[in-house]
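Here is the structure we will look at, set down as structure tokens.
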Protein chains: 2
Amino acid sequence: MCEKSIKDLVDLYIHVSFSVNKIAEGLIKEQIGSDLTNDQHYTLRYINKVGTCTSTELAEVFDVKKSAITAIITRMWEKGLIQRTRDENDRRVVYLNLTEKGEELFLKTEERIHALVESFITQFDQTEIVQFLKTYEKLNEILTERKSRVE
Amino acid sequence: MCEKSIKDLVDLYIHVSFSVNKIAEGLIKEQIGSDLTNDQHYTLRYINKVGTCTSTELAEVFDVKKSAITAIITRMWEKGLIQRTRDENDRRVVYLNLTEKGEELFLKTEERIHALVESFITQFDQTEIVQFLKTYEKLNEILTERKSRVE
DNA sequence: TTTAATTATTCAACTGTTTAACTATTAACC
DNA sequence: GGTTAATAGTTAAACAGTTGAATAATTAAA
């Protein structure tokens, strides 16, 4: 069995993660078509999941400045996908929701992305993919922990 | 043991890959600092690996149009990181190389990125990370195959 | 030799991003 | 209570990256 050095493992990780991300992004863009950009789809997904959120929350989750969120939300608001509602108790905050149109568009694109991901996930043994995701989740925890430690 | 449905696995994959990518990109940006963007670093890495290449080749690898490559290469050329040389036999093609400055900058940033990736890879069992990378590579092959089949 | 195809570039338009300045509102404190 | 902080969100300028369409220069094919 080949004993790989740490350096080789790191090189391999950098190479594979770059390649997988590039291709996956391209495939997702193909699925969601011209109605939405990838970032807009991710925004739609997040708001759909939590129901209601604020710009500040999105900025934290997406790890960008609030002004970047304003820009992306405004574009989606112009397309009629997102609603903005002022909080009456604290008039600084603006709540973001999906409109009916936004929900419909999300569900339509989400269905296609699910089919896409499923089509390659099912090419693995169930045990292999479960183990893979377990490690991937652990990696996510390590990264999340490191990120919060730095900030 | 929990028997997870395909749908749950797909959901988990979408969520974890999104999160890992976002955080990893942010950490890499921290490491390479203000000299370079992430995309410019990836470009530097690719040219460093192959030695010499063309715009067409980069456009295929990065899965973008050639005009996007022209833009990014011009910016790096202005910083003195990349050399452009016309082929004397086929005067349409322009070869791209790293300058000495480009190589130095790549090595400097690459060292820091390696240290970063190593710092979280070494938090896993060697066997776990090797298995993870094996599956990740397989996923990369499936995606590459699918991409080439579509085009 | 005319017509294709290929390689790279330019330009306009757009998305996403940051930084800095600003508005409006709420919280803290003496 | 009135002044000073802090917070939520927006705006504007500037930049990186992207696409699509048009163009120039060159080579390949008919």
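Here is how names work: the chains are called A, B, and so on, in the same order as the sequence lines, proteins then strands, and each is numbered from 1.
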What nucleic acid atoms does B/Thr70 come within less than 4.0 Å of, heavy atoms only: base, sugar-phosphate, or nothing?
-> base

Nearest-nucleotide wise, let me know which of A/Arg91 and B/Tyr95 is further upstream toward the 5' end of DNA chain C.
-> B/Tyr95

Where the side chain of A/Ser55 meets the backbone of A/Ile69, is there a donor-acceptor pair that is under 3.5 Å apart?
-> no

What pattern of brackets, bars and dots sums up DNA chain C from 5' to 3', given Watson-Crick or G-U wobble pairs under 3.5 Å, [ ] for crossing pairs and | for another strand?
-> |||.|||||||||||||||||||||.||||

Nucleotide nearest B/Arg84 when distance is taken to its side chain, options D/dG17, C/dT9, D/dG9 = C/dT9

Donor-acceptor pair under 3.5 Å, B/Ser67 side chain vs D/dG20 base | yes

Enter syn or anti for the glycosidic conformation of D/dA5, syn applying to angles within 90° of 0.
-> syn

Is there a donor and acceptor pair closer than 3.5 Å between the side chain of A/Arg92 and the base of D/dT7?
-> yes

Under the rule syn = chi within 90° of 0, otherwise anti, which is D/dA8?
-> anti

Note: for A/Asp87 and A/Ile69 on DNA chain C, the residue whose nearest nucleotide lies more 5' is A/Ile69

Gap separating the NZ atom of A/Lys66 from the CG atom of A/Leu58, nearest 0.5 angstrom = 12.0 Å

If only atom types and distance count, is the side chain of B/Lys101 paired as donor or acceptor with the main-chain N or O of B/Lys79 below 3.5 Å?
-> yes

Nearest listed nucleotide, side chain of B/Val64, among C/dT26, D/dT19, C/dT18 | D/dT19

Close side-chain approach of A/His41 to A/Arg45, heavy-atom, < 4.5 Å | yes

Let me know the distance between CD of A/Glu78 and C1' of D/dT10, rounded to the nearest Å.
-> 14 Å

In whole angstrom, what separates B/Ile72's CD1 from D/dT18's P?
-> 6 Å

